Amino acid sequence: MKNAHDPSLAVMDLPRRDARDKLRGRTRYTVDQAGPEVLHAVLLRATVASARITRLDVTPALAMEGVHAVATHLDAPGLHGIGIADHPIFASDIVRYHGEPVAVIAAETLALARRAARAVIVDYETLPPVLTLQAALAPDAPLVHPGWENYDVLHPGAARGGNVAWEARVDRGDTDAAFARKDVTIVEGSYDVGRQNHVPFEPRAVIASYEDGRFHIQTSTQAPWTVKHVVATVLQVPEFAVRVTVPAVGGGFGLKFDCSLEPYAAILARKSGRSVSLVNSRREEMMTCLCRENAEIRIRSAIDAEGAIVAREATVLMDCGAYGGEQVFLTTMTAHTLAGNYRLGAAKILTRAVYTNTPPNGAFRACNGVYNTFALERHTDEICAAIGMDPFAFRRRNVIGDGDIGATGQTFQGDVLRPMLDRMIDKYPVERRSGRLPDGRLYGRATTVGTWFIFVGPSAATVNLNADGSATLVTAGVEIGSGTMMQSLPQIVAANLGIHPDAVIVKTADTDAAGRDLGVGGGRTTVSIGAASEAACAEVREKLLTVAARLLQTSATALVLTNGRVEIAGKPGSGMALKAVIAEAELTTGPIAGSGAFTAAGTTAMPGCATGHFIDAIDIPVFAVHDCEVAVDETSGRCEILSYRVVQDVGRALNRRAIHGQIQGGVVQGIGYALTEEVTIGADGAIEQTGFDTYHVPLAGDVLPVDFDLYEGAPSLGPLGTKGAGEVPILNVAATLACAIANATGKPVASLPMTPERVAALIAGDAR
Amino acid sequence: MAQTDVVFHQPETIEAALSVLSASAARPAIAVAGGTWVMRAGLRGEDTDKTFVSLAKIAALRSIERADDGLRIGAMVTHADLASALDDDPAYAGLHRACAISANPAIRRRATIGGNLCSDAFMAPDLVPALMALGATVNLHAPTGERRVSVADFLDGRATRPASEILTHIHLPPPRGATAHARALLRQAGEYPVAVVSVLAHCRTDGTCQTLRIALSAVEPAPRRWDALENALLGRRLDPVAARDAAQAHLKALHPRDGVDAAGWYRARLLPQLVERAFADLTRPTAQRDPQ
Amino acid sequence: MTVSFTLNGRARTYAGDPRSSLLEVLRETYRLTGAKDVCGEGFCGACMVQIDGMPTTACLVPVGTLEGADVRSIEGVGTEEQLNPVQQASIDFDVVQCGMCFPGMVMTLTHFLQDNPQPTREDVKSALTGNICRCTGYERIIDAVMSLSLAPKPLTEAQP
């Protein structure tokens with residue numbers, strides 16, 4: 001009965017129910033919620049990158065009229081973190097990054113709170129900061145966390161030490177033997193990448209209140225249950241004392257997958273007895289963004305005479321900033337990217353998350369997959385050049401396929417990348433990969449592959465069938481803009497219950513109403529919440545059809561749900577309206593509801609293969625093939641993208657138009673990452689791009705329509721065979737542009753972003 | 001609100017504005033034109049508690065007048081207003097371009113000529129080098145009287161101007177020759193340029209250059225004339241490639257600045273190409289000009 | 001001092017600090033939160049309103065300069081019964097994502113189409129130079145705008 005419905009019923013270009021109010025300026029995001037009754041809070045942030053706090057006196061601020069509460073480390077003793085609990089929400093004795101919160105003040109107005117923050121007395125004894133990966137790993141480097149050994153380890157098994165927050169390893173097969181072979185060509189490459197700021201239009205923002213001994217936190221988050229957990233942890237209160245609700249979220253892109261401002265507002269709410277709003281200014285958002293991290297990647301591969309990759313070794317250094325954060329988890333994902341696209345004889349991969357005295361980094365759409373794919377695909381083209389093999393033929397020969405072994409020894413199912421490559425090249429045959437255009441600019445073209453994963457994990461859903469035949473879906477899912485909660489989930493529920501998606505009410509996230517959920521990110525919402533919703537619908541269907549079967553005097557297996565009715569299969573009009581069945585159920589068994597749950601399948605790795613990993617293997621791989629053509633001006637180094645094409649593995653496309661929106665938007669975000677978005681850190685440890693004048697996101701004039709082809713039918717655990725489609729469009733954009741620019745210029749592109757200045761420097765070489 | 005607490009004035013005459021600006025008060029006063037610079041003072045970490053003296057209601061500052069001795073442009077004329085006033089006048093092609101493509105449409109409708117000249121911390125104006133190329137002068141009005149200075153002299157003394165002085169208008173002599181304006185951006189549009197070259201060239205009947213003014217912006221902390229390059233090209237024919245090569249040879253005369261947006265070496269690298277583009281524009285009909 | 005102006009067709013008299021930005025006043029005094037405070041620098045266009053018919057970034061306008069002005073914010077555009085054409089096309093083409101930039105987009109594009117009823121894609125992009133969107137990658141917004149162009153359309157053009 002569970003799969004009795006037809007999956008194609010869920011496929012449609014459903015419009016978004018939230019578009020109308022968003023277009024009319026009616027939608028109240030968290031930043032729009034604070035009315036006159038709410039206090040405004042401001043964080044006092046450290047103005048040094050590394051220091052000992054010798055004096056902290058908040059009394060001058062507290063004495064100001066209109067100031068209601070001030071909080072410091074004394075109010076939040078707990079440490080939080082991923083893998084390691086290394087992160088206090090306030091600097092206590094030690095400042096570890098420029099911008100680290102030292103105190104927070106709630107006052108009648110924002111202006112007053114700012115004045116009060118300036119009145120707080122803080123004295124620093126500055127310490128020499130470690131601002132780069134090299135500085136952090138130098139033998140005599142100062143330790144960012146001198147007490148690192150005392151932290152609670154939340155996920156055991158990884159090597160740690162000094163400024164290395166976390167180390168993940170993969171050792172599969174004997175790479176030493178492979179590299180020692182006489183018949184192999186060895187190719188090595190080193191790459192480095194800068195940070196990327198998410199720039200969600202709605203900054204991180206929260207309004208907290210404290211009522212009846214519980215915190216109510218309204219926040220702009222992707223992960224309400226994470227917020228609940230972290231607030232409870234750092235305030236040292238029971239988790240059940242925290243309720244999190246989420247208004248419309250004005251963009252997340254991974255930034256809001258972590259708890260951030262919520263605990264500060266919670267403390268101030270409890271202290272002041274008032275609702276407290278805390279919103280990052282754009283400057284704060286730019287300077288303390290949990291960016292996609294800067295990193296250094298070294299790859300070495302051994303290729304035999306046939307062009308097979310017999311072994312690969314790689315080392316990746318990820319800058320986690322002052323605290324471990326998501327980077328600790330993401331060390332796992334290096335292996336699945338660098339050893340995921342291609343069949344490898346043996347693999348040895350070492351990834352370190354490294355502490356520096358810089359603002360902490362975090363998760364950003366496809367995370368380290370984006371730069372590892374850049375490094376890997378540039379390396380792949382360098383392999384092709386070294387062995388004299390056509391880059392397309394090499395990829396076609398070596399991409400991972402049915403029965404091949406993944407990074408940690410899992411077996412992949414189905415040939416996906418190879419037919420995707422064929423589809424791209426059949427549609428756009430390669431005439432040339434480099435040349436000169438009539439206007440004098442350099443022409444380059446490249447095709448790349450990418451492998452990423454759908455981040456599954458626990459989700460819960462409840463479906464209530466209402467008296468009018470509509471359904472209410474209750475989950476902790478959040479609409480962050482991608483449309484999942486507005487489109488794919490109601491489409492899935494509606495198809496399961498034979499009603500129109502408009503008749504599926506989607507409850508906004510409220511941890512008091514919905515069950516535990518890992519959060520919206522990693523392409524997991526359609527898959528994990530979708531699967532939990534399907535499971536809830538199965539229970540609803542069973543209850544509904546049992547009652548209907550009695551009323552219609554037939555067996556439940558003979559019934560189908562369609563058009564808001566229960567029908568005897570093959571006999572339209574023979575049955576009755578849902579409303580009638582629901583009314584009968586209320587008289588006999590009570591209202592109909594169902595609950596469902598989902599979690600990761602837990603695909604296993606080869607024993608002994610992975611160390612320090614958070615997931616052994618990837619439950620749902622997702623693949624992408626990208627192709628582009630560029631024109632590069634030799635003097636200015638400016639790159640114009642002439643064409644951009646995507647073939648994306650989506651499992652099943654539920655809403656083609658919405659996926660188009662994700663692909664266009666994701667590719668453009670990748671274009672920004674690849675070409676213009678640069679974050680640099682000054683000698684004082686502060687991020688130098690403090691606003692939109694210096695941080696250059698793509699504008700309308702910088703983009704082009706992305707051509708796309710959705711590849712359906714690859715195996716997936718997702719409901720109706722779906723995979724998440726919103727995260728992966730950014731995956732190989734930097735890779736593809738880098739390979740195309742390298743082809744155009746004939747230069748070894750090895751750094752991101754490829755700003756005009758950096759490309760010009762590469763072209764100029766020593767002449768500069 | 002008590003008289004001493006007045007934080008906003010909107011005088012209707014220059015004299016009234018000067019009297020507010022020169023009155024001694026607890027709070028410093030600042031002249032506000034389009035607001036696009038002043039309203040961002042807080043973001044720059046500057047003191048925001050100043051008395052605003054809005055010049056928006058002073059009609060005399062809003063006019064553009066053509067006379068035999070040239071063009072008089074009121075300080076409160078916006079970039080967009082000036083662009084449309086100059087639209088079909090090829091003699092002002094460079095200035096038109098500077099007004100019509102800087103920043104973005106909404107900013108061009110607010111940001112004024114006077115404000116652009118007076119924002120001394122703003123290193124990348126388009127308008128200022130275009131005015132320098134045209135040989136513009138600036139009229140300043142203080143309680144002690146009026147004075148008229150070249151744009152270059154105005155820039156030199158800009159940081160130490162008395163607060164009680166208003167830039168009232170710009171005067172452009174009748175243009176003799178052709179003008180062009182070339183700028184380099186990191187994206188297609190919508191940002192401050194990393195280098196700007198604005199040129200006026202007037203040639204004799206034999207095609208050799210009789211008057212040449214080449215002004216730069218964004219390259220050094222303030223706009224300037226590139227006199228070394230002017231001298232090198234004066235008396236020669238307008239040849240974009242030769243101009244590019246000469247620019248390359250005279251980069252040493254400059255001190256390009258390192259900024260968060262671009263390093264000094266990169267600004268310098270762009271200049272010969274910009275000079276070439278500007279000179280190419282000078283030598284072709286307006287309609288076919290480089291859209292960059 | 002007070003400032004009297006028209007806001008979405010209604011007379012208003014503002015009595016707070018005249019140096020405040022119009023954006024602050026719209027959001028805090030009148031609780032019209034459709035205009036968003038995103039960059040505060042005039043780069044992003046999320047706070048675009050129309051002042052005397054012209055699209056203007058509200059973050060850079062001191063409210064004291066608005067005596068007698070006609071201000072229209074996104075809340076004064078379209079009605080519950082009938083959206084304005086830009087709003088309707090944005091729904092029809094499913095282009096909205098997080099939505100934070102759209103009030104500003106609507107203000108800019110509505111004015112732009114009045115002056116340019118038959119724009120090219122490049123014209124639309126130029127008009128959007130001061131309106132940043134972080135979600136959509138712009139092109140589908142341009143598709144929606146082009147559907148409103150009075151210019152004859154080639155048959156091959158994408159339809160919603």
Side-chain angles (χ1 to χ4, degrees), chain A residues 13-16 18-29 31-33 35-36 198-203 248-253 279 281-283 479-483 487 655 657-658 660-669 671 691-693 697-706, chain C residues 27-28 31-44 46 73-80 83-84 86-88 90-103 105-106 121-122 124-143 158 160:
Chain A
D13 282 347
L14 182 72
R16 295 178 65 122
D18 58 345
R20 192 181 177 88
D21 272 11
K22 284 178 170 176
L23 285 157
R24 298 192 70 212
R26 258 68 171 171
T27 303
R28 299 262 190 194
Y29 301 83
V31 290
D32 302 321
Q33 299 271 346
H198 312 67
V199 194
F201 263 33
E202 184 189 34
V249 174
F253 314 118
V279 179
S281 69
R282 183 55 55 184
R283 186 183 168 84
E479 177 53 56
I480 61 171
S482 61
Q487 292 166 318
N655 189 325
R657 208 168 56 166
H660 181 191
Q662 289 303 302
I663 291 176
Q664 177 69 37
V667 168
V668 165
Q669 226 168 39
I671 290 172
F692 284 19
D693 60 336
V697 299
L699 307 185
D702 301 307
V703 307
L704 76 172
V706 174
Chain C
R27 291 180 59 83
E28 280 158 36
R31 295 291 292 137
L32 294 172
T33 57
K36 304 301 182 193
D37 180 5
V38 174
C39 78
E41 298 189 78
F43 285 106
C44 76
S73 69
I74 188 67
E75 289 87 350
V77 173
T79 63
E80 190 56 37
L83 299 179
N84 101 343
V86 175
Q87 292 170 321
Q88 189 61 52
S90 300
I91 289 178
D92 293 343
F93 281 69
D94 191 31
V95 300
V96 176
Q97 292 189 27
C98 94
M100 287 280 291
C101 72
F102 273 90
M105 290 272 173
V106 170
R121 289 186 81 87
E122 294 312 308
V124 182
K125 289 187 173 190
S126 292
L128 287 181
T129 300
N131 287 86
I132 300 178
C133 174
R134 189 55 162 165
C135 297
T136 66
Y138 304 101
E139 294 290 348
R140 300 177 73 255
I141 299 175
I142 320 260
D143 291 342

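By convention in this document, chain letters (A, B, ...) are assigned in the order of the sequence lines, proteins followed by strands, and residues within each chain are numbered from 1. These figures come from a predicted structure and were not determined experimentally.
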Enquirer: What's the separation between atom CZ in A/R16 and atom CD1 in C/I91, rounded to the nearest 0.5 Å?
Expert: 11.0 Å

Enquirer: For chain C, which of A/E479, A/R20, A/Q669 has the most heavy-atom pairs under 4.5 Å?
Expert: A/R20

Enquirer: Counting only non-hydrogen atoms closer than 4.5 Å, does A/V279 touch chain C with its backbone (N, CA, C, O), its side chain (CB onward), both, or neither?
Expert: neither

Enquirer: Which residues pass the side chain to side chain contact (heavy atoms under 4.5 Å, CB included) test with A/A248, not counting sequence neighbours?
Expert: A/T27, A/Y29

Enquirer: Side chain, backbone, both or neither: which part of C/E80 has a heavy atom under 4.5 Å from chain A?
Expert: both

Enquirer: If you round to the nearest 0.5 Å, how far is NZ of C/K125 from CG of A/L704?
Expert: 7.0 Å

Enquirer: Salt bridge (charged side-chain N to carboxylate O under 4.0 Å, His left out) between A/E202 and C/R134: does it pass, once the steps are laid out?
Expert: CA-CA 10 Å; A/E202 184 189 34; C/R134 189 55 162 165; over 6 Å; no

Enquirer: If we ignore hydrogens and angles and just use 3.5 Å, is the side chain of C/Y138 paired with the main-chain N or O of A/D702 as donor and acceptor?
Expert: no

Enquirer: If you round to the nearest 0.5 Å, how far is CZ of A/F201 from SG of C/C133?
Expert: 7.0 Å

Enquirer: When rounded to the nearest 0.5 angstrom, what distance separates OG1 in C/T129 from CG in A/L699?
Expert: 7.0 Å

Enquirer: When heavy-atom pairs shorter than 4.5 Å are enumerated against chain A, which of C/V95, C/V77, C/T33 gives the highest number?
Expert: C/T33

Enquirer: Examine whether an atom of A/I480 lies under 4.5 Å from a heavy atom of chain C, and if so say whether it belongs to the side chain, the backbone or both; otherwise answer neither.
Expert: backbone

Enquirer: So, do C/E139 and A/V706 sit near enough that their side-chain heavy atoms are less than 4.5 Å apart?
Expert: no

Enquirer: Taking only residues two or more places apart in sequence, or in another chain, which ones meet A/Q662 in a side chain to side chain contact (heavy atoms under 4.5 Å, CB included)?
Expert: A/R365, A/S482, C/Q97

Enquirer: Closest approach of C/T136 and A/Q664, non-hydrogen atoms and distance?
Expert: O-CG, 3.2 Å

Enquirer: Give me the atom names and distance for the closest heavy-atom approach of C/Q87 to A/L23.
Expert: NE2-O, 2.9 Å

Enquirer: So which residue, A/G691, A/A19, A/P15, A/G666, ends up with the most heavy-atom pairs under 4.5 Å with chain C?
Expert: A/A19

Enquirer: Heavy-atom cut-off 4.5 Å, strictly under: side chain, backbone, both or neither for C/V106 against chain A?
Expert: side chain

Enquirer: Please confirm whether the backbone N or O of A/F692 pairs with a side-chain atom of C/E41, one donor and one acceptor, at under 3.5 Å?
Expert: yes

Enquirer: For A/V199, is it the side chain, the backbone, both or neither that has a heavy atom under 4.5 Å from a heavy atom of chain C?
Expert: both

Enquirer: Who among A/P698, A/G481, A/G701 has the most heavy-atom pairs with chain C under 4.5 Å?
Expert: A/G481

Enquirer: Let me know if C/R27 has heavy atoms under 4.5 Å from chain A in its side chain, its backbone, both or neither.
Expert: side chain

Enquirer: Who wins among C/I141, C/T79, C/I142, C/L32 for the most heavy-atom pairs under 4.5 Å with chain A?
Expert: C/T79

Enquirer: Under a 4.5 Å heavy-atom cut-off, does chain C meet the side chain of A/R283, its backbone, both or neither?
Expert: neither

Enquirer: Check A/G251 against C/C98 and note the closest heavy-atom contact, atom names and distance.
Expert: N-CB, 3.3 Å

Enquirer: Less than 4.5 Å to any heavy atom of chain C: does that hold for the side chain of A/H198, its backbone, both, or neither?
Expert: backbone

Enquirer: Please report the shortest heavy-atom distance between C/V96 and A/K22, naming the atom on each side.
Expert: CG1-CD, 3.7 Å

Enquirer: Which heavy atom in C/P103 sits nearest to a heavy atom in A/G25, and how many Å separate them?
Expert: CG-CA, 4.1 Å

Enquirer: Flag the pair A/D32 and C/K36 as a salt bridge only when some basic side-chain nitrogen lies within less than 4.0 angstrom of an acidic carboxylate oxygen.
Expert: yes

Enquirer: Identify the heavy atoms of A/R24 and C/L83 that sit nearest to each other, and give their distance.
Expert: CD-CD2, 3.5 Å

